[in-house]
Enquirer: 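Pasting in a structure now, in structure tokens, and then I'll have a few things to ask.
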There are 2 protein chains.
Amino acid sequence: MERAIPDIVVGRLPHYLRALQHMSLEGRRLTSSQELSERLGISAAQIRKDLSLFGEFGKQGTGYQIDYLLNQLRQILKVNQIWDIALVGAGDMGSAIARYQGFTDRGFRVVMIFDNDPSVIGSQIGPFTIQSTDELVVAIQSADVRIAMLAVPAANAQEVADMLVQAGIKSILNYAPISLNVPDDVHVQYIDPVIHLQRMTYYLE
Amino acid sequence: MERAIPDIVVGRLPHYLRALQHMSLEGRRLTSSQELSERLGISAAQIRKDLSLFGEFGKQGTGYQIDYLLNQLRQILKVNQIWDIALVGAGDMGSAIARYQGFTDRGFRVVMIFDNDPSVIGSQIGPFTIQSTDELVVAIQSADVRIAMLAVPAANAQEVADMLVQAGIKSILNYAPISLNVPDDVHVQYIDPVIHLQRMTYYLE
DNA sequence: TAGATTGTTAATCGATTAACAATC
DNA sequence: TAGATTGTTAATCGATTAACAATC
């Protein structure tokens, strides 16, 4: 069996992709591990080593063709397609996520929104009608959605996560400030601003 | 000189703190590295080792007193106080952050909001009047704020970051999907949902 | 050609884990 | 006491870096 790619390497690839996408938008054609290193604060050797796990994408003396490497990375990360996302929670955070314009050109789009508050169910956020959480499992199953974003209060997050798992969701981006219990084949990533803030206050006097 | 605490350890402490805070709210009194391990998906040995870098907080045979460890961790992370935060960007994301109720009991509060859009400057978000970005440097300096959250479009993020640095900000939580260049003594943490999503699509078939 | 930069190896560095004496 | 769990050591494991031959 092929050696698996370390998860820590997979975690850096989206950063490479993002930097390359910026460079491409700036009209740049070529870059180097050196330049990426400066932009990202990751050593040039590490960038070359990470990329070499997937193939030989550069040319000695020249560097990397930005658009070529961009497409390779998109394929590796499987974002050379648009993934549908189910969003649960239509409060302040959920609404902001629903309106966010930055998903589409990076491989994602929100396609359904759920909430359990009767006073918002049926109302619109942009092009979406907020659906009841009661419909969640069936709606996600029939649309064959694999990715969900969770923006509900911490107290409801585990319960909703269980429903998402039942619906066949395999990736959850969790905005609720709580650790989720899910089966091994379901991936969870966390966004909790306070975790980041507390990590920085350690270094403040 | 004392050996510095590895940054990766500092990064785990807020997770311990969050789990303990939940347990405390549940009315629990005692916990163990074993229990924390299960809740967090971090090995018990690692949790004990991390904590031991700061002192001896547990008792053999018994475990850790939740409230005691909670307070120790709050001291270590310096969140046994409330830190003021300047928020820049009053769009969808900025507004959602401004309204977020989850900061206060974890050591933070937003105290000022800036935007560069004349059509929103002067209007209110909750108790705050949105100020012009022109006032940012002076306002932050005179209030002696050290932490900022950045929720502006990527195109303006570096420019705003420069102003924040000029104003004396030492910690930036950046929601804009772009790497920032700041001096060595300024810490930056990033929140970009797409980075997390792309990391998970790698594992989807 | 001379200069630049990759891909890769081997060495280094650092983080994690296993194991257990100490002790509550 | 017997059982449980810490704090810590030493061993293991894995990630990062330095260095350079290959080559564009």
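Within every chain, numbering begins at 1; the chains are lettered A, B, ... in the order of the sequence lines, protein sequences first and strands thereafter.
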Enquirer: At their closest point, which heavy atom of A:Tyr190 faces which heavy atom of A:Leu173, and how far apart are they?
Expert: N-CD1, 4.4 Å
Enquirer: Under 4.0 Å from any atom of DNA chain C, heavy atoms only: list the residues of residues 19-28 of chain A that qualify, in numerical order.
Expert: none
Enquirer: Provide a list of protein-nucleic acid N or O atom pairs under 3.5 angstrom, restricted to nucleotides 13-15 of chain C.
Expert:
none

Enquirer: Measure NZ/A:Lys49 against C1'/C:dA11 and give the value in whole Å, please.
Expert: 12 Å
Enquirer: With a sphere of 6.0 Å drawn around CD of B:Gln65, does it hold more than 12 non-hydrogen atoms of other residues, nucleotides or ligands?
Expert: no
Enquirer: Are OP1 or OP2 of D:dT16 and a side-chain N or O of A:Ser43 less than 4.0 angstrom apart?
Expert: no
Enquirer: Among residues 50-71 of chain A, which residues get a heavy atom nearer than 4.0 Å to DNA chain C?
Expert: A:Ser52, A:Glu56, A:Phe57, A:Gly58, A:Lys59, A:Gln60, A:Gly61, A:Thr62, A:Gly63, A:Tyr64
Enquirer: Under a 4.5 Å cut-off applied to non-hydrogen side-chain atoms, are A:Thr201 and A:Leu197 in contact?
Expert: no
Enquirer: Taking atom CD of A:Glu26 as the centre, report whether more than 12 heavy atoms of other residues, nucleotides or ligands fall under 6.0 Å from it.
Expert: yes
Enquirer: Working note: A:Phe114 + A:Ile140, criterion side chain to side chain contact (heavy atoms under 4.5 Å, CB included); need CA distance, chi angles, decisive distance, verdict.
Expert: CA-CA 10 Å; A:Phe114 301 94; A:Ile140 288 177; 4.2 Å; yes
Enquirer: Is there side-chain contact between A:Gln158 and A:Leu180, with heavy atoms separated by less than 4.5 Å?
Expert: yes
Enquirer: Is atom CZ of A:Arg28 surrounded by more than 12 heavy atoms (other residues, nucleotides or ligands) closer than 6.0 Å?
Expert: yes
Enquirer: Could you check if a side-chain atom of A:Asp92 sits within less than 4.5 angstrom of a side-chain atom of B:Tyr100, using non-hydrogen atoms only?
Expert: no
Enquirer: Run the ring-ring contact (aromatic ring centres under 6.0 Å, His included) test against A:His15 and tell me which residues pass, sequence neighbours left out.
Expert: none
Enquirer: Rounded off to whole Å, could you give me the CG-to-P distance for the B:Leu36 and D:dG7 pair?
Expert: 12 Å
Enquirer: For B:Lys170, which residues count as a salt bridge (charged side-chain N to carboxylate O under 4.0 Å, His left out) partner, sequence neighbours excluded?
Expert: B:Asp185
Enquirer: Report the stems of DNA chain C as range-with-range entries sorted by first number; a stem here is at least three consecutive pairs, Watson-Crick or G-U wobble, both distances under 3.5 Å, and write none if there are none.
Expert: C:3-24 with D:3-24
Enquirer: Are A:Pro193 and B:Ile97 close enough that some pair of their side-chain heavy atoms sits under 4.5 Å apart?
Expert: no
Enquirer: Whole Å only: how far is the CD1 atom of A:Ile42 from the P atom of D:dT17?
Expert: 10 Å
Enquirer: Would one find a side-chain N or O of A:Arg48 under 4.0 angstrom from OP1 or OP2 of C:dG7?
Expert: no
Enquirer: Quiz question: by atom type and distance under 3.5 Å, do the side chains of A:Asp162 and A:Gln166 form a donor-acceptor pair?
Expert: no
Enquirer: Indicate whether any N or O donor in one side chain lies under 3.5 Å from an N or O acceptor in the other, for B:Gln75 and B:Asn71.
Expert: no
Enquirer: Using whole Å, what does the distance between atom P of nucleotide C:dT6 and atom CG of A:Leu30 come to?
Expert: 10 Å
Enquirer: In whole Å, what is the span from the CD1 atom of B:Ile47 to the C1' atom of D:dT8?
Expert: 16 Å
